[in-house]
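So that the names make sense, note that chain A is the first sequence line, chain B the second, and so on, each numbered from 1. Owing to the predicted nature of the structure, the values given are computational and were not obtained by experimental measurement. Any value given below was found using the heavy atoms of this structure, including those in side chains, with hydrogens, waters and symmetry copies removed.
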There are 2 protein chains.
Amino acid sequence: MKLKIIIKKEESFMPWRDGTGPPWLEGKFKGCGFRLTVPRQAILDVLAGTAEHLSAEDIYLKVHKVHPAIGLTTVYRTLELLVQSGMVFKFDFGDGRARYELSENPKGIGHHHHLVCTRCRRIIDYQDFIDEEKDLLQKTERGLSKKYDFHITHHVIQFYGVCRECLGC
Amino acid sequence: MKLKIIIKKEESFMPWRDGTGPPWLEGKFKGCGFRLTVPRQAILDVLAGTAEHLSAEDIYLKVHKVHPAIGLTTVYRTLELLVQSGMVFKFDFGDGRARYELSENPKGIGHHHHLVCTRCRRIIDYQDFIDEEKDLLQKTERGLSKKYDFHITHHVIQFYGVCRECLGC
DNA sequence: CTTGATAATGATTTTCAGTTTCATTATAAT
DNA sequence: ATTATAATGAAACTGAAAATCATTATCAAG
């Protein structure tokens, strides 16, 4: 009996994004041994339907409007699952809470990085220079992987500073 | 009398690191209207005397050994001051606590970036590829500053993944 | 050396994002 | 339908960080 559990765990662990598994989209949830339940679908919908940088509570509130029964706990749990699986990125912009973003946005709000204003906490997404960055990052990743035997799964680049509005005062 | 206060405030505000002021080292504390007190000196000493990535509480404990009277509150406050002034960098490596590093380490443990193992939370500092990174970053910063009227004060690059030790199991 | 204005400190309290627990419910396979 | 297991949510808990506030240290001016 116990053995069976272990085997199941192995099966559902393999395709995860600790580097080896391919990232998968919404429909492929089940392929990893997870169930695409109503709460999980609702949370994905919220993430897919916004370009903002939502916190767990933001997401909870949005989900709550449609499905009042879904609790904050589930939101946290699901987000962790999504982050672990590579479907969602988790960011820290320096205020006390984490922000979440779909890693592959269906609406084609492609890959971007962030400018963070340390005064007003505004976040500016930018896509310029991404190509050059990507280039360097890939090179760096290869070098680092080799030198440190480190299997890189993802990276964060963020610029901090003062935005236009805050500079003007 | 009130006017006098306002002038003082302005004087101590100017040299800060919201971009315009030059960064300054330990001795230059007073130049910004701040007092280099015993607790502050002690905290700086701890930061200068380690290559680790200490949390606020780590720092508190180390300071506490030498100066048992210095409280956790002061550590938090001082760290915030140091971060605001640009003397110290604050990092988030994904565990629940912030980590602090002197931005210009006197021991010449020059500028570096971080590899974060998401399994064991080990942090690897690396300096390789920094030059290439610096190049690109400067270019990017210039471009972004211009396009978005954003005054960039600093940046964070971090790679996440699984380290050698954790890969082996 | 006082004195007075102000900045800094530290004990304590409070906050609040995030976790854990656990009893219950939903799901998928047999 | 039955059973094994995964998912859920209410509530209690945790812990890092911030806020409060009475006290103390510092510095500049007389």
Side-chain angles (χ1 to χ4, degrees), chain A residues 1-13 29-44 53-61 63-64 67-85 90-100, chain B residues 1-13 29-44 53-61 63-64 67-85 90-100:
Chain A
M1 193 124 93
K2 256 192 173 173
L3 186 61
K4 202 179 171 186
I5 296 171
I6 290 165
I7 289 169
K8 278 237 161 186
K9 282 241 162 189
E10 293 250 336
E11 276 175 356
S12 72
F13 185 66
F29 224 96
K30 295 174 189 171
C32 290
F34 297 111
R35 297 170 184 168
L36 185 46
T37 61
V38 171
R40 286 170 181 181
Q41 183 65 62
I43 290 163
L44 280 168
H53 312 89
L54 302 177
S55 68
E57 204 185 342
D58 292 338
I59 294 165
Y60 165 70
L61 290 173
V63 165
H64 189 79
H67 303 275
I70 295 173
L72 183 55
T73 315
T74 299
V75 173
Y76 273 113
R77 250 186 318 227
T78 303
L79 286 172
E80 201 199 320
L81 189 72
L82 294 171
V83 169
Q84 290 300 320
S85 71
K90 179 179 184 178
F91 293 100
D92 166 66
F93 294 140
D95 57 344
R97 73 210 62 199
R99 308 278 171 171
Y100 301 86
Chain B
M1 194 122 96
K2 255 192 172 174
L3 186 62
K4 201 178 171 186
I5 297 169
I6 290 164
I7 288 168
K8 278 228 161 189
K9 283 245 162 188
E10 293 249 335
E11 275 175 359
S12 71
F13 185 67
F29 223 96
K30 295 174 190 171
C32 292
F34 297 112
R35 296 169 185 167
L36 186 46
T37 61
V38 171
R40 285 170 183 184
Q41 184 67 60
I43 290 164
L44 281 167
H53 312 89
L54 302 176
S55 68
E57 204 185 341
D58 291 339
I59 294 165
Y60 165 70
L61 290 172
V63 165
H64 190 77
H67 304 275
I70 294 173
L72 183 57
T73 316
T74 300
V75 173
Y76 273 114
R77 249 187 318 230
T78 302
L79 286 171
E80 201 197 320
L81 188 72
L82 294 171
V83 168
Q84 289 301 320
S85 71
K90 180 180 183 178
F91 293 100
D92 166 67
F93 294 140
D95 58 344
R97 73 209 61 196
R99 308 278 172 171
Y100 300 86

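Among all heavy-atom pairs drawn from B:Arg35 and B:Arg40, the shortest one is O-NH1, 3.0 Å. Of all the heavy atoms in A:Tyr100 and A:Ser55, the pair that sits closest is CD1-C, 4.3 Å. For A:Leu72 against A:Tyr60, the heavy-atom pair with the smallest separation is N-CE1, 3.4 Å.
Side-chain contact between A:His53 and A:Phe91 is absent, with no heavy atoms from C-beta onward closer than 4.5 Å.
Rounded to whole Å, the distance from CD1 on B:Ile70 to P on D:dT23 is 21 Å. Rounded to whole angstrom, the span from the CG atom of A:Leu72 across to the P atom of D:dA10 amounts to 10 Å. Between the C1' atom of C:dA17 and the CD atom of A:Glu80 lies a distance of 14 Å, rounded to the nearest Å. Between B:Tyr76 atom OH and C:dT14 atom P the separation is 18 Å, expressed in whole Å. Rounding to whole angstrom units, OH of residue A:Tyr60 and C1' of C:dC16 are separated by 15 Å. Computed from coordinates, the B:Arg77 CZ to D:dT20 P distance equals 12 Å when rounded to whole Å. In this structure, the CG atom of B:Leu81 is 10 Å from the C1' atom of C:dA8, given to the nearest Å. With rounding to whole Å, B:Asp92 atom CG is found 16 Å from C:dA17 atom P.
The side chain of A:Arg35 sits closest to D:dA7 out of D:dA7, C:dA8, C:dG10. Here D:dA10 is the nucleotide among C:dT12, D:dA10, D:dA17 with the atom lying nearest to any side-chain atom of A:Thr73. Side-chain proximity of B:Thr78 to the nucleotides D:dC27, C:dT12, C:dT9 is greatest for C:dT9.
Of the side-chain N and O atoms in A:Arg97, none sit less than 4.0 angstrom from OP1 or OP2 of C:dC16. Dashed line: the shortest gap from a side-chain N or O of A:Thr37 to OP1 or OP2 of D:dT8 is under 4.0 Å.
Of the charged side-chain nitrogens involved, none lies within less than 4.0 Å of a carboxylate oxygen, so that B:Arg97 and B:Asp58 do not count as a salt-bridged pair.
Nearest-nucleotide positions on DNA chain D place B:Glu57 closer to the 5' end than the other of B:Glu57 and B:Val38.
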